[in-house]
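See below for the structure under consideration.
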Amino acid sequence: MVKLDSVRRRLGPGVEFRCDSFHASPGVHMALWGPSGCGKSTMLNLISGLLRPDEGIVQVDGREIQGLTEGQLDRFRGERLGFVFQTFNLLAPFSALQNVLLGMRFSDRIPQAEWKTRAKELLERVGLSHRLDSKPRTLSVGEQQRVAIARALANRQKLVIADEPTGSLDPKTSETVMNLLLEMCTEEEVTLLLVSHDRAIAERLPERFDCSNLVKEVPR
Amino acid sequence: MSIWHIAWGYLWNRKLPTVLTVASVALAVALISSVLTLRDETRKRFEEEGSTFDIVVGAKGSPMQLVLSTVYYMDTPTGNILFSEYERLRQHEEVVAAFPICLGDTYRGNRIVGTVRELFDHVRVDPVTREKQPLFRLKEGRYFEKKMEAVVGSTVARQNQLKLGDVFVGAHGFMDLPEDLLHVHAEFPYTVVGILDASGSPNDRAVFCDMESVYEVHKEGHHHHEEEEYHGPFRPGVEDTIAPKAEHEDEEGHVEAPQEKEVTAVLIDLESPIQQFQFKELVNSEYNAMAERPLNQIAKLYQQLLGTAKTVLLAIGYLVVVISALSILIGLYLSILQRKRDLAIMRALGASSAEILGSVMVEAFLVTVLGIGTGWLVGGGVSGAIGWYLADRYGLYVQPFGFSFEHTLAFGTVAFVGLLAGVIPAWQAYQTNVARDLAEL
């Protein structure tokens, strides 16, 4: 599903991201873990096409993305990737339902006639059928993360990228959100790459990738 | 969830800045719109009135004063001309109709116009469509038939609550003075016999009577006020009445010949409008009078006075447009800075740079269009309020909501400037560095 081969990316003077080899099979739930600043988020940005490698190959769902144009990358992200961030996942002016609809707005994977039904189903699945019209500021952080999970899966994406999705949650809510994310990714048969600096969280996933040695010092 | 929906969502999310920006655009548009509307409408009304008669003839003096005083009842007349000159004019072969106008008094600030009964049967021929439109329509009563009977304009009747059979008196001169300073012709009351329908013309503010009534009021023996400084058209110090003076001996025994009657002006229709220039020259050279084409003076008035005022007001309007554009720019720019994260999320969800740029441009467009719409309505309100004053004071009715080619051009310019103001914030949004902005989450 995701493959990185001899990827290099200059991060700053004398600092480089290097990943000689990475592979995640379709449907796998994998944790990318390591301490802060080790290159976990850079790796996610390279996989999602938000950063381009200076060298090497990034392959996602059978397609090499390092050579795609900006427009092709936009389309690629819209069709195949779902994101869950640590905080500020939702767009403030829009309701929970509208935020999930936005997940389908920028690709053609789901016919427009089905958008609303699909969004409502997902919000019902994450236990928020009673908050469809609620604006993000009226939702708790845990509820916002649940909306973000629904949105990440709205487009029937192949890959969900979750960057510290429980980083701002209390332990109880964190447990609930993690359970929901794993359950839903299993139900939808989606590959999950989850970044976390928390080893306990990482150990809940069946596969782990240690990112500790991805950022190297190089000659200036 | 279209781009429009997204743009509207962000505007709605920051209501106060959006309302203030829309208000600033609306202010500019209201100013421009009302200036254009009032200019167009007043010119239309002036031209309608000005085209009622081909030529106005009055005493030599300022042609503008002559036209304003006799056609629009706005200024003091230039003086009087002899009745015999009126007779000569009336009998001229090129003259189809000639109506005398005798001015001298007012009723509560409204001109008392002495004329002939035939004036009410006159029709105005539209210069473009050539349609015939009656100048006067009675709302109730009848036209005057004898001396001291009055037909009052609709505004005069409404403001003074006059009804048929009511009696009133005129006051000498045209100055709008307090009642205790007016010289009132208390011994010559007029009786209301007719009330005119509203026409949207200066006639709404006038009182019409037989010219013999004016002579009667001003005949010698009834009207001597040497101490008065102002006598309207009656040439202070020379003679103070339009009415003929009777033969009499002075202190040294010289016999003064009886004086001829006078009229203030004559409104003339010619056989053909193309004779206007020739006839005007003829009157100016061969009569002891001055002729003028009303439309000529109106064109000058608009070019010299109102043209400058319009330019100044429009310049202010467009300056406000520039200020509004800056407020759109600043508002959107700050908004883009505040929502870098949102833009990055949208890019992560698959929105293209062009869609991000488009949504910001749509925001600028919506603010501008809302401003234009609101401004047009406010401008209509302003025009309506000023129009109400003009109708009440000068009998000029204006349509508050004008929409001309110039309006379209002005609104198009505002829309263009508004969109232009959106370009910088939109470009900033277009260049969103998604990875960096997401890393800041």
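Atoms considered below: every heavy atom in the structure, side chains included; atoms not considered: hydrogens, waters and symmetry mates. Per chain, numbering begins at 1; letters A, B, ... match sequence-line order.
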Sorted by chain and number, sequence neighbours left out, ring pair (Phe, Tyr, Trp, His ring centres under 6.0 Å) with B:F416 holds for none

One option among B:G9, B:A351, B:S352 has the most heavy-atom pairs under 4.5 Å with chain A, and it is B:A351

Under 4.5 Å to a heavy atom of chain A? For B:L11 that would be neither

Original post:
Just wondering, more than 12 heavy atoms not from B:F365 lying within 6.0 Å of its CZ?
Top reply: no

CA sep, side-chain torsions, deciding dist, call: B:L349, A:N155, side-chain contact (heavy atoms from CB on, under 4.5 Å): CA-CA 10 Å; B:L349 292 175; A:N155 235 1; over 6 Å; no

Exercise. What's the verdict on side-chain contact (heavy atoms from CB on, under 4.5 Å) for A:R105 and B:H5, showing C-alpha distance, side-chain angles and the deciding distance?
Worked result: CA-CA 11 Å; A:R105 162 68 181 79; B:H5 199 141; over 6 Å; no

Residues B:N13, A:F94; criterion side-chain contact (heavy atoms from CB on, under 4.5 Å); working and verdict: CA-CA 9 Å; B:N13 195 45; A:F94 305 109; over 6 Å; no

When rounded to the nearest 0.5 Å, the distance separating CZ of B:R347 from CG of A:L73 is 9.0 Å

ask   = So, do B:I345 and A:R151 sit near enough that their side-chain heavy atoms are less than 4.5 Å apart?
value = yes

Is the number of heavy atoms from other residues, nucleotides or ligands under 6.0 Å of A:E124 CD greater than 12?
no

Taking every heavy atom of A:F83 against every heavy atom of B:A348, the minimum-distance pair comes out as CE1-O, 3.2 Å

So, the part of B:L343 with a heavy atom under 4.5 Å from chain A: the answer is neither

